[in-house]
Number of protein chains: 2
Amino acid sequence: MGISERKLRHKADLKKEILTAARELFTEKGWESTSIRNIAEKIEYSPATIYLYYKDKNEIIFDLHREGFRLLVNYLDVLKGVKNPFERLQAMGRAYIRFALENQDTYKLLFVMEEPMQHVASCATMDWDEGDKAFNLLMNTVQECQKQGHFTNLQTINLSFVIWSTMHGLCTLRTSGHLGHVSLVRNSNHNLDDVLTAAYEEFVKMLEQLNN
Amino acid sequence: MGISERKLRHKADLKKEILTAARELFTEKGWESTSIRNIAEKIEYSPATIYLYYKDKNEIIFDLHREGFRLLVNYLDVLKGVKNPFERLQAMGRAYIRFALENQDTYKLLFVMEEPMQHVASCATMDWDEGDKAFNLLMNTVQECQKQGHFTNLQTINLSFVIWSTMHGLCTLRTSGHLGHVSLVRNSNHNLDDVLTAAYEEFVKMLEQLNN
DNA sequence: AAAATTAATGAACAGTGTTCATTTTCTTGT
DNA sequence: ACAAGAAAATGAACACTGTTCATTAATTTT
């Protein structure tokens, strides 16, 4: 019976509409100031209706969280064409920074906010597929670098975590405004993104020195 | 006239009482769930009274922010006795991690939340003394290391920013729960703080390789 | 057409930061 | 000691927030 299927489809559509409205409000105002009532108003339904499709606000947040990860993996996946693993590692870093700067609120959603992680923790299968996928992407590249003589005396996992941390630190200190308030940076004429890039290039230099 | 002085003193006392109440509620429940009404209840005044001493919630946050920085500098200042600059740099990293883990909410207040930084930005003198002081502590140590032959081909500012970023990334990925949800870490029997320490030690190894 | 099921909502609850007219308290001058 | 004036404290309100639930509206099935 195609009728009940249409109903189901409509139900799915409405869920998508909610998510789309949430995503739009989120990207233009940030999550802090996106309320259930805002979302409801945007899709022209009552606030209570949203709770028929999402258990609570965190469930919406988590759906956007997964979308964001797909976007990040897109930024990184383009680079699998780069054959030289060390060059690929560098390009991944640059892509990571580009992602963080072009999608600041999404970046915060993925790697700063604790709510989506709490949702992962409360799931029966406590797996964080999206995070694992991205981290493995990094670890595999590091491992390939090691096969070619880079970082040979360092442990893959530890080094990968250090690299991730450095990238994460660079991006968050930039976007949270902390970097911009260090007077040495503020009085240096350089714009913030140049400072960030310069620091990243210095980090690459550091990695280059860790051969054989 | 000692009487009006006592009044002033009492006024200062009440401001301190507010801050103390805020600090206590903050450390036991986190900032998210500390409301003006909570603070007011704790000091047995009406909520409106608080606004006679603090312009808004962000001003309270900023006072705690400065307190937190004094605490951090205490963690780091103890190490000025370490004569060897590279050893001191290592010890500073360990102290930084200890500070972040022992004062997780305070750490978030200092380096993750954007509100205190916005307050800095809105001040007439846009200086961020606390941040500058801490960053200079790091930069001076890096510079001393360079004088002794470490990191000679790297720029002091860039390297300092990279080191800060790495430490910040390590600490925030740990405390936000993101590290703990990477399955490679979750399935490894090691507790999270050991993973963090191992990664930090690996980072020190990296720095060690950047001599001459 | 009536009954049963599903979808949507209005209204309420308990909470938030913040403002302001009003009241209470304290200080000063007579 | 008492009235006048200044300072401090407050109650009540405003415009929000996430969330729940009994009630109403729409749709499907009998």
Side-chain angles (χ1 to χ4, degrees), chain A residues 1-19 21-23 25-26 28-65 109 113-116 118-119 122, chain B residues 1-19 21-23 25-26 28-65 109 113-116 118-119 122:
Chain A
M1 34 183 74
I3 295 170
S4 69
E5 275 169 22
R6 197 214 53 186
K7 281 226 66 173
L8 274 173
R9 201 166 61 237
H10 178 260
K11 190 162 172 163
D13 280 355
L14 189 45
K15 190 160 183 175
K16 270 183 201 160
E17 269 188 68
I18 293 171
L19 200 65
R23 178 177 45 247
L25 288 169
F26 166 78
E28 79 185 33
K29 312 195 307 173
W31 183 252
E32 246 71 283
S33 26
T34 297
S35 71
I36 297 285
R37 281 175 177 81
N38 292 158
I39 300 171
E41 200 180 9
K42 188 146 193 160
I43 62 170
E44 294 176 290
Y45 276 81
S46 96
T49 303
I50 295 194
Y51 288 87
L52 300 176
Y53 298 86
Y54 282 99
K55 189 177 126 282
D56 56 21
K57 207 183 171 184
N58 282 340
E59 216 173 277
I60 305 179
I61 246 182
F62 188 67
D63 260 17
L64 289 177
H65 177 97
L109 186 65
M113 289 177 62
E114 298 179 18
E115 287 86 345
Q118 285 163 7
H119 185 98
S122 74
Chain B
M1 34 182 75
I3 296 171
S4 70
E5 276 169 21
R6 197 213 54 187
K7 279 228 69 174
L8 273 174
R9 202 167 59 239
H10 178 260
K11 190 161 172 164
D13 280 354
L14 189 45
K15 190 159 183 175
K16 270 183 200 159
E17 269 187 69
I18 293 171
L19 200 64
R23 179 176 45 245
L25 288 169
F26 166 77
E28 77 187 34
K29 311 195 308 175
W31 184 253
E32 245 73 284
S33 26
T34 297
S35 71
I36 298 285
R37 283 174 176 83
N38 293 156
I39 299 172
E41 201 181 9
K42 187 144 192 162
I43 61 170
E44 294 176 291
Y45 275 81
S46 96
T49 303
I50 295 193
Y51 288 86
L52 301 177
Y53 299 86
Y54 283 100
K55 189 179 125 282
D56 56 20
K57 208 184 170 183
N58 283 339
E59 215 171 277
I60 305 179
I61 247 182
F62 187 67
D63 261 16
L64 289 176
H65 177 97
L109 187 64
M113 290 177 62
E114 298 178 20
E115 286 87 346
Q118 285 162 7
H119 184 98
S122 74

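This is a predicted model, so every value here is computed, not measured. Chain A is the first sequence line, chain B the second, and so forth, proteins listed ahead of strands; every chain is numbered from 1.
By the side-chain hydrogen bond (donor to acceptor under 3.5 Å, both in side chains) test, Tyr51(B) pairs with no residue at all, sequence neighbours left out. Taking the side-chain hydrogen bond (donor to acceptor under 3.5 Å, both in side chains) definition, one finds that Glu114(A) meets it with Lys108(B), sequence neighbours left out. Evaluation of the side-chain hydrogen bond (donor to acceptor under 3.5 Å, both in side chains) rule for His119(A) yields no partner, not counting sequence neighbours. Among residues two or more places apart in sequence or in another chain, the side-chain hydrogen bond (donor to acceptor under 3.5 Å, both in side chains) test is passed with Asp56(B) by none.
Residues Ile60(A) and Ile50(A) meet the side-chain proximity criterion, which asks for heavy atoms closer than 4.5 Å. The shortest side-chain heavy-atom distance between Asn58(A) and Tyr54(A) does not fall under the 4.5 Å cut-off. Between Phe62(A) and His65(A), some side-chain heavy-atom pair lies under the 4.5 Å cut-off. For the pair Trp31(A) and Lys57(A), the minimum side-chain heavy-atom distance is below 4.5 Å.
To the nearest angstrom, P of dA8(D) lies 15 Å from CD1 of Ile43(B). Atoms CG (Leu14(A)) and C1' (dA7(C)) sit 10 Å apart, rounded to a whole Å. Regarding Glu44(A), its CD atom lies at a distance of 17 Å from the C1' atom of dA7(C), rounded to whole Å. The interatomic distance linking Glu17(B) (CD) with dA8(D) (P) rounds to 15 Å, in whole Å. Atom pair Lys29(B):NZ and dG15(C):P shows a separation of 11 Å (rounding to whole Å applied). In this structure, the OH atom of Tyr54(B) is 17 Å from the P atom of dT19(C), given to the nearest Å. Between Glu41(B) atom CD and dT16(C) atom C1' there is a gap of 14 Å when expressed in whole angstrom units.
Two end axes, each from the C1' atoms of five base pairs, can be drawn for the helix from dA1(C)-dT30(D) to dT25(C)-dA6(D); they diverge by 30°, to 10 degrees.
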Quiz prompt | Where protein sits on nucleotides 13-19 of chain D, one letter per nucleotide: B base, S sugar-phosphate only, - none, heavy atoms under 4.0 Å | solution = B---BBB
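Here CD1 of Ile39(A) is found 8.0 Å from CD1 of Ile18(A). Values are rounded to the nearest 0.5 Å.
Taking only side-chain nitrogens and oxygens, Tyr53(B) comes nearer than 4.0 Å to OP1 or OP2 of dA9(D). Side-chain N/O atoms of Thr49(B) include one lying less than 4.0 angstrom from OP1 or OP2 on dT10(D).
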